[in-house]
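Have a look at the structure below, then the notes.
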Amino acid sequence: MSLTYLEAIREAQARALRDDPRVIIYGQDVGAFGGAFKATKNLAGEFPGRVMDAPISEDAIVGAAIGAAIEGMRPIVEMQFADFSTVGFNQIVNQAATLFWRTQVPCPITVRLPFGGTSGSGPFHSQSLETIYAHYPGLVVMTPATVEDAYSMLLEAVAIDDPVIFCEHKYLYYHLKADKLPTEAVPTGKARIARAGRDLTIVAYSAMVHEALAVAEELKTEGHEIEVVDLRSVKPLDTDTVMASVARTGRLLCVGESWPWGGVTAEVVARVATEGFALLDAPPMRLNAKDTPVPYHPNLWAAHRPTARSIAAAARKLLRQ
Amino acid sequence: MSLTYLEAIREAQARALRDDPRVIIYGQDVGAFGGAFKATKNLAGEFPGRVMDAPISEDAIVGAAIGAAIEGMRPIVEMQFADFSTVGFNQIVNQAATLFWRTQVPCPITVRLPFGGTSGSGPFHSQSLETIYAHYPGLVVMTPATVEDAYSMLLEAVAIDDPVIFCEHKYLYYHLKADKLPTEAVPTGKARIARAGRDLTIVAYSAMVHEALAVAEELKTEGHEIEVVDLRSVKPLDTDTVMASVARTGRLLCVGESWPWGGVTAEVVARVATEGFALLDAPPMRLNAKDTPVPYHPNLWAAHRPTARSIAAAARKLLRQ
Amino acid sequence: MVQAADSVAVRFRPVAAGTAVFSELCTSAFRWMLLARLLDEKFASLYRAGKIHGGVFLGRGQEALSVATALALRPGDVFAPLIRDAAGRLAFGDTALDAARTYLGSALGPMRGRDGNVHRGKPREGLLPMISHLGAMISVVNGILLARRLKGIQGTVGAASIGEGATSTGAFHEALNQAAIEKLPLVLVVANNHYAYSTPTSRQFACDSLVDKAAGYGVAGHRVDGTDLEACLKTLQHAADQARAGRGPQLVVAKLLRLCGHGEHDDAGYIDPKLKTSPVGRDCLKVAEEFLLQQRWADAATIAAWRKEKTHEVEEAVTAAQREPTPDPYEEDWTALSSGQLREGNE
Amino acid sequence: MVQAADSVAVRFRPVAAGTAVFSELCTSAFRWMLLARLLDEKFASLYRAGKIHGGVFLGRGQEALSVATALALRPGDVFAPLIRDAAGRLAFGDTALDAARTYLGSALGPMRGRDGNVHRGKPREGLLPMISHLGAMISVVNGILLARRLKGIQGTVGAASIGEGATSTGAFHEALNQAAIEKLPLVLVVANNHYAYSTPTSRQFACDSLVDKAAGYGVAGHRVDGTDLEACLKTLQHAADQARAGRGPQLVVAKLLRLCGHGEHDDAGYIDPKLKTSPVGRDCLKVAEEFLLQQRWADAATIAAWRKEKTHEVEEAVTAAQREPTPDPYEEDWTALSSGQLREGNE
Ligand SMILES: Cc1ncc(C[n+]2csc(CCOP(=O)(O)OP(=O)(O)O)c2C)c(N)n1
Ligand SMILES: Cc1ncc(C[n+]2csc(CCOP(=O)(O)OP(=O)(O)O)c2C)c(N)n1
Ligand SMILES: [Mg+2]
Ligand SMILES: [Mg+2]
């Protein structure tokens, strides 16, 4: 058996529905059709009444999920693309994220955001929005980079009593495969050493982990041992694991696919600079997408986001310092 | 004559309306009523037909402003509170911010956000949202800290061909006074040395500039010369001025009123750490609001945001290193 | 049918049942209105005395509609009140003490000083704590109703209040449409008080009556004179009955006038004097009082006694709340997450 | 009255004037429909051949409604098309070449490879470039119309297209209400093609007909058979005339069926076969062809000649676009700001 990242997401939802009668799924075309990406394929048939097609009403979709959560359910909301969550933004950041703090009643909703760039998708079907959600208090923001994490973290997202923004990368949907589903997992909030090394730490998450791993492989041939830290969730952000890695390597390069101003790379570099300054043998570096919308054309898209090539160039520069 | 920060905003709008026939104002209660904070007092009377009351439709308000901008107007949108801009978010970040990049047609709208904490205002009338707007490409985000800047930057916001998010701090509305309106101003995108010093740089913006200045005054009595940099706009962010200051002082403390994850303080610290690492004689520090919604009660509110007291404590710690 | 692991929907205080004799319902409603009015007046005077941090938002002139909404509900039902719903909240089970605690920032109140004025609620008990963004509560009510249906719980009604201004929000539209698609037992009560802050209805909508919207959603529409308690009680009862009977969402549109500022900082100088002297400008509390007297369901002495009793209740609540501790930032649990293991220490 | 410094609203290519003899209008409309259909088919075949990056979205079955919308407009008017508007775009002044350039990512196209497929437009020429978020373009049209009014420009009409699914968005609601309040000359054309992606209307709205919404906004409502070119032309012309005459927004609801997948990746297996064989499932292009033949406004030979001519036009456009340079990331101006002095180098 071999499973894609996308199939793992489908399997996690199937299992959540099976194991917990409180779980429901709500989103556009998630029912009989099985979702725009087929992440809910066959689930409406297997779990009658619990996988519901929604109107094109992102605000009301999230609002209803919050209400159902108050009533003890565990709703999973599928946004058709992360980009469209901006019209459900208010309910997420002001209603779901504040409910527990205001009333002590938790709000266990999971909002699945198919996100990130793929070739030819353009400015409104490619966005990486982890930053805007992580900025708000009261949300957990997950960014799984592997098939195993896509599966286990989605199950955790449903189990967690807080609202979770589950950022699933569309580029990984079909590109990643695993042999089997995991039976156990690192807890949420813990980063993972995706590859051990001693010369340089590359901190990444989601699709960028794989670019970083390719760089590590490439630079090995040049005699460098690159450590790759996969953040797994960007909020909470596991500063300890990052710091421990930088303590080992003395060099930090942080890579994110979202826009350059104030994203994950800013937060990671700022934390290391403020709390682990003495660990750094060279100035830290960061690499982000360019500060424009995500371009449609493959030529432009490939230059807009960080790739193994641009990461390798940055890493070499940093290793020389 | 003496003018408050709020009156300066009113005067800037009056002048913009007077000088440029393309300027219009649109927002809830901005007409005969003069706005929830009276920032448009008497303007509807003075400029008939050009200051229009809007329905409670933030999405359509911003959308219409964009349309008017396409047609050559210079609309100013008043959000009643910054917090409510989340329901107009999509039009701002996906329509206004992408228009020029997509079509080469500029989108000269100004969105005024009365923002920031005041005592007793609670989680939905206190938010600082500069971070989520600055993250998106295509927007200019202004955060004036003085009466003079409130005036001249708002005029610049209207004049600039790009969409501007104009963050005007409600706490400063009545607390700040100036003798007269400025006749010239530092250009947008340039930070200002609000106070010169040589021992430590405090980078701040908006209301926090005044807390920082109070700290500088206080620490002077302890023999320290604190330099205070007022960012003025957080996007573009004037890294050069910040870096030059850190080059002089060797120490950086960055203060912001918004939530801790990924805000202005992360961006500033990350830039200095990556581009000016060698300038730092001690680890940089950052101070933000706490990672919860903004509390209603004055006791909690005062502890939630950075204040002269908590900034002074951080500064002393940093000076000892 | 789905079985939820934890069932949470137990109402904390019974309201006058929908089956009560109408005279009893009326007198009960009147007494809630009186309590709400007196409580509101107390908050206004505390505000003028500088004793309240932040704004004060009153329901003056809207008590009849508000109380009728709450009294149409039963234990187990759900209510999402808005800023003018002092009366409905109380009738639904909120207490004067919790109201005072929230306004005065008591650490013992339901919002523990974290949120203030009209933002209180107890979601587990069916009383939703409004966020300020207008229109945002309606879909939350929908979600509760949907969940009840999935759990096989029958007969629940959910009511949400909204001003005419908030009908312009996208959230209102999406939620009412959602309720219509799902045929949810939602009673959506629009208080058309002719102003949204200073904005008159001519700048808010262009239909003849907001009830004309009902057909466009495929829901039932009702209109009522919001100054007339009798009419409000009957209309809301009817609407709730229809919803409970499975006839889908009910849109109730009431005409009335807010007899106060938007908040206590506002002198409401923009209100058209003609409206004030027109029938919509009547004070529903006076109208209700006259109605009770006329029906002989109460005499002047009884009403005076009620007033005294409610005045006392208000004073007690405020005094008690004032004696309570305010929140202590050092004791405060500075996190917005409920999952302890996911908290970060970062500031 | 406001005088704007720069007047920008000059349409780039005249469309068939509303005053043309109806037979001419019909034949002209048919030829645009034909061009759109052939262009769409070409894109579909390029897609199948792997020559197009990203999705392909067709207007098959919706050409009559789309072209009628555009042909009801005049030079200086504004049009905000959506994904099914290949025909309307062309009739409004868009070119097959620009369509091909956008789909093929030519650096010389209006979107210069930055945006693709159906997202092209030239705002200064009245053709708005849709963003993907459904409902978001309507208020932008409102803003242009408002500005025209402020500038004292009279007689402009703005048309916006939307699917029945998008009527569920808050953006649709806020914008239509805004247009109604301002009494703007907006023609809002709803193509009820019975599905929003896979979602049937029963999961999208609960009113009998979407035209029932008109009264709730205080706007005029029109319904039309979207498969019938003659009816579409007449209804849209009438609606545009009404708007132009100052009668406020016009809501036009057409019934039809999308005769293709949501995008070319989708086999549309979810479409109810009964709908396909019902009158709404008719192919508007065939219906129009038969109508022209029956009216003797064209004979089979003429139509065959048109088809050949349009086929050639499509081939030429695609060939030309394919020969054009693709965008060069090293030449690309990596900024989203127009103000040069505000650009940051930060990556
Ligand atoms: C989305 C949103 N925009 C703006 C506001 C600011 N605001 C608070 S109350 C109000 C007026 C509400 O009018 P209406 O809905 O008629 O209720 P009323 O106050 O008359 O009871 C406004 C504009 C808000 N709370 N939410
Ligand atoms: C706000 C928003 N949510 C979701 C989507 C994803 N989406 C794109 S097209 C579509 C279906 C649109 O249906 P309809 O409005 O009926 O138009 P049609 O495709 O039938 O022409 C959806 C859900 C979107 N573009 N915008
Ligand atoms: Mg009102
Ligand atoms: Mg459709």
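Every value quoted in this text rests on a predicted model; they were computed, and no experiment measured them.
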To the nearest 0.5 Å, what is the distance between CD (D:E174) and CD1 (B:I56)?
-> 10.0 Å
Would you confirm whether D:D115, through its side chain, and B:R102, through its main-chain N or O, come within 3.5 Å as a donor-acceptor pair?
-> no
If you measure from CG on D:L342 to OG1 on B:T188, what distance do you get to the nearest 0.5 Å?
-> 6.0 Å
Interatomic distance, CE@B:M52 vs CG@D:L150, rounded to 0.5 Å, equals 5.5 Å
Please round to the nearest 0.5 Å and tell me the distance separating atom CD of D:Q341 and atom NZ of B:K190.
-> 11.5 Å
Identify the heavy atoms of B:E71 and D:I144 that sit nearest to each other, and give their distance.
-> OE1-CG2, 3.6 Å
NZ of D:K122 to OG1 of B:T103, rounded to nearest 0.5 Å, is 11.5 Å
Which heavy-atom pair separates B:Q91 from D:S139 by the least distance, and what is that distance?
-> NE2-OG, 3.4 Å
Do you know the tightest heavy-atom contact between B:L139 and D:L337?
-> N-CD2, 4.1 Å
Structural part of D:S132 lying under 4.5 Å from a heavy atom of chain B | neither
Pair count under 4.5 Å, heavy atoms only, with chain B: among D:E182, D:M137, D:M111, D:H133, highest is D:H133
Examine distances only and state if a side-chain atom of D:Q178 and a backbone atom of B:S57 form a donor-acceptor pair shorter than 3.5 Å.
-> no
Applying a strict 4.5 Å limit to non-hydrogen atoms, the region of D:P129 in contact with chain B is both
Side chain from CB out, backbone as N, CA, C, O: work out which of these in D:L128 comes under 4.5 Å of a heavy atom of chain B, or both, or neither.
-> side chain
Looking at B:I66, B:N90, B:V87, which has the largest count of heavy-atom pairs under 4.5 Å with chain D?
-> B:N90
Without hydrogens or angle criteria, can the side chains of D:S339 and B:D161 be said to hold a donor-acceptor pair below 3.5 Å?
-> no
Quick one: what part of D:R120 sits under 4.5 Å from any heavy atom of chain B, side chain, backbone, both or neither?
-> neither
Relative to chain B, which segment of D:H173 carries a heavy atom at a distance below 4.5 Å: side chain, backbone, both, or neither?
-> neither
So which heavy atom on D:A336 is nearest to which on B:D162, and how close?
-> O-OD1, 4.3 Å
Kindly give the heavy-atom pair with the smallest separation between B:I70 and D:R124, and that separation in Å.
-> O-NE, 3.8 Å
List the atom of B:W101, the atom of D:E332, and the distance in Å for their closest heavy-atom pair.
-> NE1-OE2, 4.4 Å
